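Note on naming: letters A, B, ... go to the chains in the order of the sequence lines (proteins, then strands), and numbering restarts at 1 for each one. Given the structure is predicted, the values throughout are model-derived calculations rather than measurements.
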Amino acid sequence: MTEQLEPTPGQTVGPFFGFALPYPRGNEIVEPGTPGAVRVHGTVTDGAGQPVPDALLEIWGAAPSGEIVRTGGHLRRDGRFTGWGRAETDREGYYWFRTLEPGVTEPGAAPFYAVTLFARGLPDRLFTRAYLPGANGAFLDALGDRRRTVMCEREPDGALRFDIRMQGEGETVFLDFGGYGPRG
Amino acid sequence: MTDHDEPRGAPDTRLDQAAESQAKITAEIRAIEADYRAGRAAGRPEELGPRLDYPPYRSSLLRHPTKSQHLADPETIELFAPVFGERDVSPVEADLTVQHLGEPIGERITVRGRVLDGDARPVRRQLVEIWQANAAGRYLHKRDRHPAPLDPNFTGVGRTLTDDDGWYEFQTIKPGPYPWKNHYKAWRPAHIHFSLFGTDFTQRLVTQMYFPGDPLFPLDPIYQTIPDSDARDRLVASYDHDLTTHEWATGYRWDIVLTGTHRTVFEQDRPEEDE
């Protein structure tokens, strides 16, 4: 049995991350014209339905082959797919990524983009998943009516729409991986 | 509290316009903490993280989920974190005092510590990002309207990779406290923002490091989003005279513990260095 340490608590990303965390081509995980390139985009809104202009999103996905990239190169892109990217929302709460669609990493597991959300006014990061259209499985079945909040919607031009509602009607399902231990 | 703690003149009642008093915010903070302590005494669980629903932090009112988070076992891609290599980060990015032609103004400091997981294993060769205000409490950000001077020799952004034992180290300038609009006379305690990755996607952490003994701690509704005082203390660095250098900089030590990994880490999972 190893020693267990108490985790360092999170704090809000605050309003002033914009000069520090975003970086050139952070949201361009593949170059334009890459075979299979897809736009993953959407809007982040608050409990009043207003756009959130100071949010930051990170997405992380496997390659179409199901391979999970295990090398660097996310911050200094050279055209190779890395699977991870970062985007800030604009004044209309809108974000976009250009990436590839994730493949199946293990038999029976529906592919999704793992998503992390940060924002001013949000005391800690939130995790969610953005599943490809048509995904199925026990996790999604357990969500009932709320499963649509973690499903990307295919648009006529092939793009994947994934809106995030932080609160209220249609609130996105956020995930607790048990990191801080059992919650009250 | 004196009448100086009330806004002078007609209160501005627009949201986020600093109309409420510190006394009112402090009373809310104290009530939440008292309730938490009473709950602990009655056997309710410890809260090791911040509350997402924390009304004294007014910007959180419309931005916290109202439904409980869905308990999930991490799967597939979530069992891995992105890895970063030497080509992602230049060594000079760990020294925030040499990024311009001149020396920044302020108190030069060294901040050093280890990044560990919940099982006390070092998080090796992983990205650490920081950002902060300058010595006058001003961020180099277009939305920071605080009329304190910008420093042409200080950007306030740093990056580094942890070493093979999980150690990180930055050279920087001690940031100043700065005012914000949560309420009237709201001032943030001096802090450095930290962004960290672990070996699992689920360990992602963005937090803030504070300096010991700051008198603004009890007044700050962001620091206080964590209702447990022991957990809050984990955000405060300690002064470390061994880190202090002769006639150059004072030293602060701050270790960071990420939540435990869900995946057994095997030696072959060590990030491969990019060519």
| field | Donor-acceptor side-chain pairing of B:Gln224 and B:Arg232 below 3.5 angstrom | value | yes
So, the part of B:Asp144 with a heavy atom under 4.5 Å from chain A: the answer is both
Under 4.5 Å to a heavy atom of chain B? For A:Phe17 that would be both
If one checks every heavy atom of B:Tyr36 against chain A at 4.5 Å, the contacting part turns out to be neither
message: Do the side chains of A:Arg25 and A:Glu31 get close enough for a salt bridge, i.e. N-O under 4.0 angstrom?
response: yes
Honestly, the part of A:Thr105 sitting under 4.5 Å from a heavy atom of chain B is side chain
So, the part of B:Thr66 with a heavy atom under 4.5 Å from chain A: the answer is both
Turns out that what part of B:Phe201 lies under 4.5 Å from chain A's heavy atoms comes down to both
Okay, A:Leu126 and chain B: the region with an atom under 4.5 Å from a heavy atom over there is side chain
Test log, rule side-chain contact (heavy atoms from CB on, under 4.5 Å), inputs A:Thr89 and A:Asp54 = CA-CA 6 Å; A:Thr89 55; A:Asp54 40 19; 5.6 Å; no
- Message: Any heavy-atom pair between the side chains of A:Pro9 and B:Arg234 that's under 4.5 Å?
- Response: yes
The interface call for A:Phe127 against chain B, heavy-atom contacts under 4.5 Å, is side chain
Most heavy-atom pairs under 4.5 Å with chain B, out of A:Leu143, A:Asp46, A:Leu175, belong to A:Leu175
The interface call for A:Val115 against chain B, heavy-atom contacts under 4.5 Å, is backbone
Could you check whether B:Arg188 pairs with B:Asp214 (Lys NZ or Arg NE/NH1/NH2 to Asp/Glu carboxylate O, under 4.0 Å)?
no
Whatever's closer than 4.5 Å to a heavy atom in chain B on A:Arg129 counts as side chain
The interface call for A:Phe16 against chain B, heavy-atom contacts under 4.5 Å, is both
When the 4.5 angstrom heavy-atom criterion is applied to B:His193 and chain A, the contacting part is side chain
Does a salt bridge link B:Arg37 with B:Glu33, judged by any charged N lying under 4.0 Å from a carboxylate O? yes
Highest number of heavy-atom pairs under 4.5 Å with chain B among A:Thr82, A:Val52, A:Thr128, A:Val69 belongs to A:Val52
Turns out that what part of B:Leu196 lies under 4.5 Å from chain A's heavy atoms comes down to neither
Interface check, chain A: of B:Thr76, B:Asp73, B:Asp53, most non-hydrogen pairs under 4.5 Å belong to B:Thr76
Cut-off 4.5 Å, heavy atoms of chain A, and the answer for B:Glu129 is side chain
_Worked verdict on A:Tyr95 versus A:Asp90 for side chain to side chain donor-acceptor pair (under 3.5 Å)_ = CA-CA 7 Å; A:Tyr95 75 90; A:Asp90 66 16; over 6 Å; no
Exercise for the section: Measure from the ring center of B:Phe80 to the ring center of A:Trp60 and say whether it is less than 6.0 Å. Expected result: no
Practice item. For this output row, return yes or no: ring centroids of B:Tyr223 and B:Tyr57 closer than 6.0 angstrom. Key: no
Ranked by heavy-atom pairs below 4.5 Å to chain B, first place among A:Val173, A:Leu122, A:Thr172, A:Val104 goes to A:Leu122
Okay, A:Gln50 and chain B: the region with an atom under 4.5 Å from a heavy atom over there is neither
Among B:Leu140, B:Asp230, B:Thr155, B:Thr225, the residue with the most heavy-atom pairs under 4.5 Å to chain A is B:Leu140
**Request:** Indicate, with yes or no, if the rings of B:Phe197 and A:Trp84 have centres closer together than 6.0 Å.
**Result:** yes
Could you tell me whether B:Asp151 and B:Arg138 make a salt bridge, using a distance below 4.0 angstrom between a side-chain N and a carboxylate O?
no
Does a salt bridge link A:Arg39 with A:Glu155, judged by any charged N lying under 4.0 Å from a carboxylate O? no
